[in-house]
Amino acid sequence: MMPVFPAGRLNDSMNSGEIQELQTAAIAEIAASGDLSALDAARVKYLGRNGRVQDILLALREAPVDQKRELGRLANEFKNSVQAAVDERREALQSAASVAAFDVTLPGRWPHRGTRHPVTQIIDRAVEIFGQLGFTVADGPDIETPFHNFDALNTPANHPSRDPKDTFYLGDGTLLRTHTSPVQIRVMQSRQPPVRIIAPGRCYRPDTTDATHSANFHQVEGLYVDRKVSLADLKGDLTYFARQMMGPNVKIRFRPHFFPFTEPSVEYDFSCHVCGGKGCRVCKQSGWIEISGAGIVDPNVFKAVGYDSTQYTGYAFGMGVERIAMILLGIPDIRMLYDNDVRVLRQF
Ligand code: PHE
């Protein structure tokens with residue numbers, strides 16, 4: 001049987017001029033292919049197993065010995081240049097396709113924006129509100145001396161708050177401050193009245209952690225020293241703060257208490273901003289929310305810092321930041337503020 005070849009092959013071997021013409025035509029056709037499937041069809045037509053390249057290889061096989069070298073070179077050049085044209089066209093078509101697939105009208109990806117920690121939010125807001133009353137921010141170290149944390153604050157040597165059960169001692173005579181009140185001492189040591197400062201910061205106590213206790217927590221301390229400062233000033237300023245922070249109708253009440261560094265001393269409560277004082281879940285049915293302690297600066301504190309207590313009086317207060325954050329933001333467990341779970345924190 002006669003082998004089957006495409007028409008014209010046997011009798012009509014290609015010469016070198018025809019090979020070059022075919023190459024030119026192939027490259028033109030490839031360059032003109034409009035999409036990837038047209039390109040593939042052109043590739044198969046020229047380079048495939050039944051493609052035109054076979055005519056060239058046949059001509060090469062049949063060529064007289066003295067022409068084989070020249071035809072072999074042309075055959076290689078055909079394959080290489082046609083393949084190069086295919087590759088180039090494919091790349092062009094693909095990048096055009098990906099430009100077309102990029103929908104510029106789609107909304108962008110929002111960069112993730114963090115939020116301020118709830119504790120930071122409350123501190124920033126307190127700084128802002130007391131700033132409106134003329135208070136500036138003061139700062140002190142977390143690692144304190146017993147002098148600043150206790151002695152200068154008129155706290156006797158046998159006071160229970162000094163017990164290692166209630167204070168972290170660092171073993172070198174220093175301690176982790178148990179409240180922000182030592183900042184009062186540092187400020188008064190460094191300047192003369194009038195003084196109007198708040199001191200937000202971290203405090204430490206060896207409390208067992210539970211839903212309302214954390215071994216580290218934050219307070220905002222306040223100190224106002226001038227001539228004739230009274231409990232009325234304290235009540236007025238705290239009321240302003242409470243209304244700015246919690247809501248416009250909040251009232252304040254003082255309950256008698258004791259602190260070594262104030263006399264008289266009070267604990268103060270805000271009326272519940274949720275129920276208005278009638279009693280609800282937030283205020284545990286009492287109508288009031290305990291905030292912290294305050295009072296008129298004890299003359300012994302002035303003595304410790306060299307202020308003249310016949311000329312000056314002052315008030316001081318402290319407030320628990322976590323407590324305000326939890327009440328205002330509806331956070332049921334103080335540990336949520338310290339677990340650093342962003343699923344919790346980013347809600348605020
Ligand atoms: N330092 C007190 C506490 O930690 C609060 C306080 C501050 C009381 C200032 C009176 C004056 O409980």
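This structure is a prediction, so every number in the text was calculated from the model and none was measured. Side chains included, hydrogens not; waters and symmetry mates left out as well; all remaining heavy atoms used. Just follow the structure's listing: the first ligand is 1, and inside any ligand the first atom is 1.
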Chemist: What I want to find out is whether D151 reaches R162 closely enough, with some N-O distance under 4.0 Å, to be called a salt bridge.
Modeler: yes

Chemist: Answer yes or no: is there an ion pair linking E29 with K45, defined by an N-O contact shorter than 4.0 Å?
Modeler: yes

Chemist: Pull out every atom of ligand 1 sitting under 4.0 Å from any heavy atom of G293, numbered as shown with elements.
Modeler: 6 (C), 8 (C), 10 (C)

Chemist: Please indicate whether any nitrogen or oxygen in T178 is less than 3.5 Å from any nitrogen or oxygen in ligand 1.
Modeler: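 No: no nitrogen or oxygen of T178 is under 3.5 Å from one in ligand 1.
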
Chemist: Mark yes when over 12 heavy atoms from residues, nucleotides or ligands other than Q132 sit less than 6.0 Å from its CD; otherwise mark no.
Modeler: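 For Q132, atom CD is crowded (more than 12 foreign heavy atoms under 6.0 Å).
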
Chemist: Which atoms of ligand 1 have any heavy atom of F259 under 4.0 Å away?
Modeler: 8 (C), 10 (C), 12 (O)

Chemist: Can you confirm if the aromatic rings of Y240 and F130 lie within a centre distance of less than 6.0 Å?
Modeler: no

Chemist: Can you sort out which atoms of ligand 1 are near A316, meaning under 4.0 Å from one of its heavy atoms?
Modeler: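 Numbered from 1, ligand 1 contributes 9 (C), 11 (C).
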
Chemist: Tell me whether the rings of F150 and H179 are parallel (<30°), tilted (30 to 60°) or perpendicular (>60°).
Modeler: tilted

Chemist: Under the side chain to side chain contact (heavy atoms under 4.5 Å, CB included) test against T313, which residue among D233, L231, V229 passes?
Modeler: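 So the option named by the test is V229.
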
Chemist: What part of A294, side chain, backbone, both or neither, has a heavy atom within less than 4.0 angstrom of ligand 1?
Modeler: backbone

Chemist: Would you kindly specify which portion of F317 sits under 4.0 Å from ligand 1, judged on non-hydrogen atoms: side chain, backbone, both or neither?
Modeler: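 Looking at F317 and ligand 1, just backbone atoms fall under 4.0 Å.
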
Chemist: Short list, please: which atoms of ligand 1 are under 4.0 Å from a heavy atom of S181?
Modeler: 1 (N), 7 (C)

Chemist: Kindly identify the option in G222, C203, G318, G320 whose heavy atom sits closest to atom 7 (C) of ligand 1.
Modeler: G318

Chemist: Does the distance from a Lys or Arg side-chain N to an Asp or Glu carboxylate O, for E144 and R186, drop under 4.0 Å?
Modeler: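 Result for this pair is yes, salt bridge flagged.
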
Chemist: Is the NZ or CZ atom of K235 both under 6.0 Å from the centre of the six-membered ring of F254 and within 45° of that ring's axis?
Modeler: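 Judged by the rule, K235 and F254 form a cation-pi pair.
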
Chemist: For ligand 1, is any non-hydrogen atom under 4.0 Å from H257's backbone (N, CA, C, O), its side chain (CB onward), both, or neither?
Modeler: neither

Chemist: In terms of residue, atom name and distance, what is the protein heavy atom nearest to atom 2 (C) of ligand 1?
Modeler: F261 CZ, 3.9 Å

Chemist: Which protein heavy atom lies closest to atom 3 (C) of ligand 1, and at what distance to 0.1 Å?
Modeler: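 Residue, atom and distance for the closest contact: Q219 NE2, 3.8 Å.
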
Chemist: Heavy-atom contacts with R205 under 4.0 Å: which atoms of ligand 1 show up? List them by number with element.
Modeler: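 So the atoms of ligand 1 that pass are 3 (C), 4 (O).
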
Chemist: Any atom of ligand 1 sitting under 4.0 Å from a heavy atom of M319?
Modeler: no

Chemist: Could R205 and D207 be called an ion pair, given the rule that one side-chain N must be under 4.0 Å from one carboxylate O?
Modeler: no

